[in-house]
Amino acid sequence: MAAEGSSSIDALGQFQLHPALGGIGASVNFTQSNLMMVVASLLVLALLWFGMKPRAMVPGRLQAAAELAYESMMSMCVEQIGPEGRKFFPFVFTLFFFILFGNLLGVFPYFFTFTSHIMVTLALALLVFVLVTAVAIKEHGLHFFSYFLPQGIPMVLAPLLVVIEVISYLSRVISLSVRLFANMMAGHVMLEVFGAFIIMLSGLGWLGYFPAGLSFGLNTILIGFELLVAVLQAYVFAVLTCIYLHDAVHLH
Amino acid sequence: MSQDDGDPGPSFEDRLKVARSKQGLDAPPTPPGQDGLGGSAWGIGARVGVELVSALVVAVAIGYGLDRIFHTTPILTAVFVPLGGAAGVANLWRVFAPKQSDRG
């Protein structure tokens, strides 16, 4: 996390992958990113398992959290997709909480944010994209391809617009993945940079204490901001998935 | 609590909703065609950038790939770049279109 030398800030070093779990992890390329994914998944499962264990009429804190999670996701699915949204609830729920816990775990010191890697977010976006396309083809058969031809346009323009629509459709993968990845990465780079400022400025002697304190204060605010971004981006990912699923189910 | 008992004003749910939205606890109610990022200027800016660039990236990738296949190196990339820009604008239109019925 710290600056490499006295005058250089290693802002991207934090995103490097290292084998986790010692020799076993190294032999199967199990990195700290994978470890955090497992941790995030286990935490979600633990929240639901231990939250719903009491099955109390008046929920405790954990049960309230689990119920709130369930209900908010369910209402989002039904609102965005329509009554058919219930079918996709498990998928959207899993996606949202996997990303949310991944983002939130990244805020803790020494933890790794697996959503700050484009490969991870791209895989998630591709999963969504393939699912959405599969759902659309299953629901509508070959009629699905009429999606790429906007209604009520002159046929002369059709070849041009079909290409544009196809590009626009494909660009969902990129925009979905880049949005999450860029937000998470930018936040952590900023934290790293201001963290390095603290160390470098406080090494300057009494002259640097005030700016170092400023950097510390800014970093504190940034952590709060990062929490907001973590929740917001997970939410945006889930909502966009729902919107795409709505398009797939209803076509136009 | 007790002073509210005789008050026939808005229901508890309504007041809770107002209080929550005032405190920023609830996401502002979003129209069905838009996501939560539509609100702030920062969000809109990020959204615009991502949508435009991602469409362009896809278009360049398609154009470059087709060029590689058909050995027509600059032509198809050059054709697809403006199409990608148009697709980006189409993306934006889909997000920020004034009427709500147009989502597809």
Side-chain angles (χ1 to χ4, degrees), chain A residues 72 76 78-82 122 125 129 136 144 146-152 157 159-183 186 225 228-229 231-244 246-252, chain B residues 17 20 24-40 42-66 76-77 79-95 97 99-104:
Chain A
S72 59
M76 188 177 88
V78 174
E79 271 170 33
Q80 296 285 345
I81 308 175
L122 191 65
F129 180 80
F144 158 68
S146 74
Y147 182 79
F148 297 118
L149 192 68
Q151 287 153 333
L157 282 175
L160 199 63
L161 282 174
V162 167
V163 175
I164 288 174
E165 287 292 325
V166 169
I167 292 172
S168 164
Y169 188 74
L170 291 174
S171 75
R172 287 171 171 188
V173 184
I174 308 285
S175 65
L176 204 55
S177 56
V178 166
R179 187 178 298 118
L180 178 58
F181 144 76
N183 271 292
F225 189 68
L228 172 80
V229 168
V231 179
L232 189 70
Q233 287 307 315
Y235 177 73
V236 165
F237 202 99
V239 168
L240 283 177
T241 303
C242 284
I243 291 174
Y244 295 158
H246 171 273
D247 285 351
V249 173
H250 297 284
L251 223 62
H252 294 297
Chain B
K17 194 179 269 183
R20 282 181 68 90
L25 288 170
D26 282 337
T30 49
Q34 295 184 346
D35 62 59
L37 257 185
S40 66
W42 184 260
I44 290 174
R47 188 84 207 265
V48 167
V50 169
E51 293 290 353
L52 284 177
V53 170
S54 58
L56 203 58
V57 166
V58 169
V60 169
I62 293 174
Y64 186 73
L66 290 178
L76 287 176
T77 310
V79 168
F80 269 90
V81 164
L83 288 177
V89 176
N91 279 346
L92 287 185
W93 178 251
R94 207 154 292 149
V95 177
K99 58 176 179 161
Q100 287 306 314
S101 61
D102 180 33
R103 296 171 66 174

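Note on naming: letters A, B, ... go to the chains in the order of the sequence lines (proteins, then strands), and numbering restarts at 1 for each one.
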**Prompt:** What distance do A/D247 atom CG and B/R94 atom CZ have between them, rounded to the nearest 0.5 Å?
**Reply:** 8.0 Å
**Asked** For the residue pair B/A55 and A/I167, what are the closest heavy atoms and their distance?
**Response** O-CG2, 3.5 Å
**Item:** A/F181: partners by ring-ring contact (aromatic ring centres under 6.0 Å, His included), with sequence neighbours left out
**Value:** none
**Item:** Side chains of B/N91 and A/S171, donor plus acceptor under 3.5 Å
**Value:** yes
**Audit row: B/L83, A/L160, side chain to side chain contact (heavy atoms under 4.5 Å, CB included) steps and yes/no** = CA-CA 8 Å; B/L83 288 177; A/L160 199 63; 3.5 Å; yes
Determine all donor-acceptor pairs shorter than 3.5 Å in which one atom belongs to a side chain in residues 57-65 of chain B; sequence neighbours excluded.
from  : atom 1 : to    : atom 2 : distance (Å)
B/Y64 : OH     : B/R68 : NH1    : 3.4

